[in-house]
Participant: 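Dropping a structure here in structure tokens format, bear with me for questions.
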2 protein chains.
Amino acid sequence: MATGRTHRPATRSRGIPEATVARLPLYLRALTALSERSVPTVSSEELAAAAGVNSAKLRKDFSYLGSYGTRGVGYDVEYLVYQISRELGLTQDWPVVIVGIGNLGAALANYGGFASRGFRVAALIDADPAMAGKPVAGIPVQHTDELEKIIEDNGVSIGVIATPAGAAQQVCERLVAAGVTSILNFAPTVLSVPDGVDVRKVDLSIELQILAFHEQRKAGEEAAAADGQVPPAVARKASADKGPDGDVPAVMPA
Amino acid sequence: MATGRTHRPATRSRGIPEATVARLPLYLRALTALSERSVPTVSSEELAAAAGVNSAKLRKDFSYLGSYGTRGVGYDVEYLVYQISRELGLTQDWPVVIVGIGNLGAALANYGGFASRGFRVAALIDADPAMAGKPVAGIPVQHTDELEKIIEDNGVSIGVIATPAGAAQQVCERLVAAGVTSILNFAPTVLSVPDGVDVRKVDLSIELQILAFHEQRKAGEEAAAADGQVPPAVARKASADKGPDGDVPAVMPA
DNA sequence: CCTTGTGAAATCTTTCACAGCT
DNA sequence: AGCTGTGAAAGATTTCACAAGG
């Protein structure tokens, strides 16, 4: 196995922080909306509000891409759309396969935003022979047997796994063996992949549990507030970020 | 009323870092699997591997919950399951409503992992009158007109938005006005919410764009590697770490 | 005036490495 | 001997605040 014990040599050439990368799509979406309304320029303050972040963060983020703004004026919308698209690699076509065409897989196949920006559903794959040939979202489902051939023929490097948890690791391994190097995993399981393969996961159950944690915390604070004289709900603020406070009274609800 | 009354006393008693909270569900899932196999205890090393994190991080995470392990032995699986469940607020019942019963909403309603752990789909809501009364996943869809009543009657504090982007903000406002304080948003839009309301978002398009960024970067490095003398099999290097919401399942070679 | 771009400070997160307990 | 729990170091991210430039 790989002996690359050396912690990442850190190719710092194009080092855009991961946190920044994760926000670029957000900015891009906001900018696209502005572009559709033919807004020519936008300030960091305005754009940040539209994207649900604060303006200092946005400016810092953009500073990693280069100096694309004009002091005293703001950013040229069209130009920024182009620069961010290029940075994200959206100026090229990304064929994607979806494996597992159950409820969720079908929903993903039907999701419009998929095709919108550089991504193209190259194939739908399912293990159920009864599904084979059936069109979903206008694309005929193919059997898992064809997986390797489909990946190769279409030059697919991004795979979406929407299978049951039990099948996910095996599907993952076949995708990777066939040449896929980026995986979006909707199955509620941890995937093991070789070095060099990126995995991102989307997990409903985890998100709900995180919300439950904060919900519980709020309930506890409320109870504590009833005791003291903490002012009731305050200012209305637009915020896309998660709860700021991390402070829970040691009150145990038995 | 005092204006400067500090919202948070300097007491750091129970402040679990957000990054830790986001990993607790992962640990819980791994522990549940161990529990089902009747494994009595587990070491931080084993559990970390199962959860796809490193053991130092796991031990640090657990240290915020308390000292639940035994030196020289490891952690008692059942006990940890209980402690983490309690910490996450999963020992209580969380009624949830799903708004927007299209492809995605239906997929979510059918998702088993939903009901499994403390969450219960209290109602499905859709704006289409034609949907009303139709059962999805065994639950009859109700019309949006009923939204406020449903929230109130069921004491719902967590809402899932699976509507088209255009409807999401309005639905969000109605949910919040009716008493919902945690929202899981699947619509590709930034939600504005009052202070004290938590929003988490799940966005296919954003995840794909982040993958595309790394995919593009890999392609660039490959080209650069071809210039040098890195053997093809090992030429790929990982960015390894993910952003705020993501983790990379690490592969632990023997 | 205006708003960007950015060093520096503050804060949060991960990792290291080992003392301390079983 | 083995493994946890944790200070302290290292690293990443956010925020501040202001100089620089339109």
Side-chain angles (χ1 to χ4, degrees), chain A residues 5-12 15-24 26-27 39-49 51-77 79-80 83 237 239-247, chain B residues 8 10 12 15-24 26-27 31 39-49 51-77 79-80 83 239-248 250 252:
Chain A
R5 204 68 60 224
T6 341
H7 276 262
R8 162 174 1 176
T11 313
R12 256 295 84 104
I16 300 179
E18 189 58 33
T20 294
V21 172
R23 281 187 295 266
L24 291 181
L26 228 49
Y27 302 145
V39 177
T41 62
V42 66
S43 70
S44 63
E45 200 70 56
E46 292 164 331
L47 184 53
V53 304
N54 74 51
S55 63
K57 194 186 285 183
L58 178 142
R59 288 200 303 278
K60 183 61 104 180
D61 283 342
F62 285 179
S63 79
Y64 294 114
L65 308 185
S67 283
Y68 295 149
T70 307
R71 292 170 204 242
V73 178
Y75 301 92
D76 181 279
V77 172
Y79 187 56
L80 245 196
Q83 291 297 346
K237 202 169 64 175
S239 158
D241 293 340
K242 16 195 152 148
D245 310 342
D247 178 83
Chain B
R8 58 153 76 214
R12 190 81 260 183
I16 300 179
E18 190 59 33
T20 294
V21 171
R23 281 187 296 266
L24 292 181
L26 228 49
Y27 302 143
L31 284 164
V39 176
T41 62
V42 67
S43 70
S44 63
E45 201 70 55
E46 293 165 330
L47 183 53
V53 304
N54 73 51
S55 63
K57 194 186 283 183
L58 178 142
R59 287 200 302 278
K60 183 61 105 179
D61 282 343
F62 286 179
S63 80
Y64 294 115
L65 308 185
S67 284
Y68 295 148
T70 308
R71 292 169 205 240
V73 179
Y75 301 92
D76 181 278
V77 171
Y79 186 57
L80 246 196
Q83 289 299 344
S239 86
D241 298 332
K242 255 32 218 265
D245 294 73
D247 272 12
V248 159
M252 303 286 302

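Keep in mind it's a predicted model, so treat the numbers as computed, not measured. In the text below, chain A, chain B and the rest are named by the order of the sequence lines, each starting its count at 1.
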Participant: Mind checking ring-ring contact (aromatic ring centres under 6.0 Å, His included) for A/Phe62 and listing every partner two or more places apart, or none if nothing turns up?
Facilitator: A/Tyr27, A/Tyr75
Participant: Please state how far atom CD in B/Glu18 lies from atom C1' in C/dT13, giving the value in whole angstrom units.
Facilitator: 12 Å
Participant: Looking only at heavy atoms, which two atoms of B/Leu31 and B/Val77 are closest? And how far apart?
Facilitator: O-CG1, 3.6 Å
Participant: For A/Tyr75, which contact category applies under a 4.0 Å heavy-atom criterion: base, sugar-phosphate, or nothing?
Facilitator: sugar-phosphate
Participant: So which atom in B/Leu26 and which in B/Ala51 form the shortest heavy-atom distance, rounded to 0.1 Å?
Facilitator: CD2-O, 3.6 Å
Participant: What is the separation between atom OH on B/Tyr68 and atom P on D/dC3, rounded to the nearest whole Å?
Facilitator: 22 Å
Participant: Figure out the CG/P separation between A/Leu47 and C/dT3, and round it to whole Å.
Facilitator: 14 Å
Participant: So which protein nitrogen or oxygen atoms get under 3.5 Å of nucleotides 19-21 of chain C's nitrogens or oxygens?
Facilitator:
from: C/dG20; atom 1: N3; to: B/Arg71; atom 2: NH1; distance (Å): 3.3

Participant: Side chain of B/Ser63, heavy atoms from C-beta onward: which of C/dT14, D/dG5, D/dT14 has the nearest atom to it?
Facilitator: D/dG5
Participant: Rounded to the nearest angstrom, tell me the gap between atom OH in B/Tyr79 and atom C1' in D/dT4.
Facilitator: 15 Å
Participant: Rounded to whole angstroms, how far apart are OH on A/Tyr64 and C1' on C/dT4?
Facilitator: 15 Å
Participant: Just how far is it from atom OG of A/Ser43 to atom CZ of A/Arg59, taken to the nearest 0.5 Å?
Facilitator: 9.5 Å
Participant: Whole Å only: how far is the CD atom of A/Glu45 from the C1' atom of C/dT4?
Facilitator: 12 Å
Participant: Less than 4.5 Å apart, side chain to side chain, heavy atoms only: is that true for A/Leu65 and A/Gln83?
Facilitator: no
Participant: Are the side chains of A/Leu80 and A/Leu47 in contact, using a 4.5 Å heavy-atom criterion?
Facilitator: yes
Participant: B/Asn54 side chain N/O closer than 4.0 Å to the phosphate oxygens (OP1, OP2) of C/dT14?
Facilitator: no
Participant: List the atom of A/Thr41, the atom of A/Asp76, and the distance in Å for their closest heavy-atom pair.
Facilitator: CG2-CA, 4.2 Å
Participant: Rounded to whole Å, please give me the gap between CD in B/Glu46 and C1' in D/dT4.
Facilitator: 14 Å
Participant: Look at B/Arg59 and D/dG7 and indicate whether a side-chain polar atom (N or O) is within less than 4.0 Å of OP1 or OP2.
Facilitator: no
Participant: Do the side-chain N or O atoms of B/Lys60 get closer than 4.0 angstrom to the phosphate oxygens (OP1, OP2) of D/dT6?
Facilitator: no
Participant: Quick one: is A/Ser44 getting a side-chain N or O under 4.0 Å of the C/dT4 phosphate, OP1 or OP2?
Facilitator: yes
Participant: How long is the line joining CG of A/Leu80 and P of C/dT3, in whole Å?
Facilitator: 16 Å
Participant: Of all the choices, C/dT13, C/dT15, D/dG5, which nucleotide is nearest to the side chain of B/Lys57 once you look at every atom?
Facilitator: C/dT15
Participant: In terms of side-chain heavy atoms of A/Pro17, which of D/dT13, C/dT13, D/dA17 is nearest?
Facilitator: D/dT13
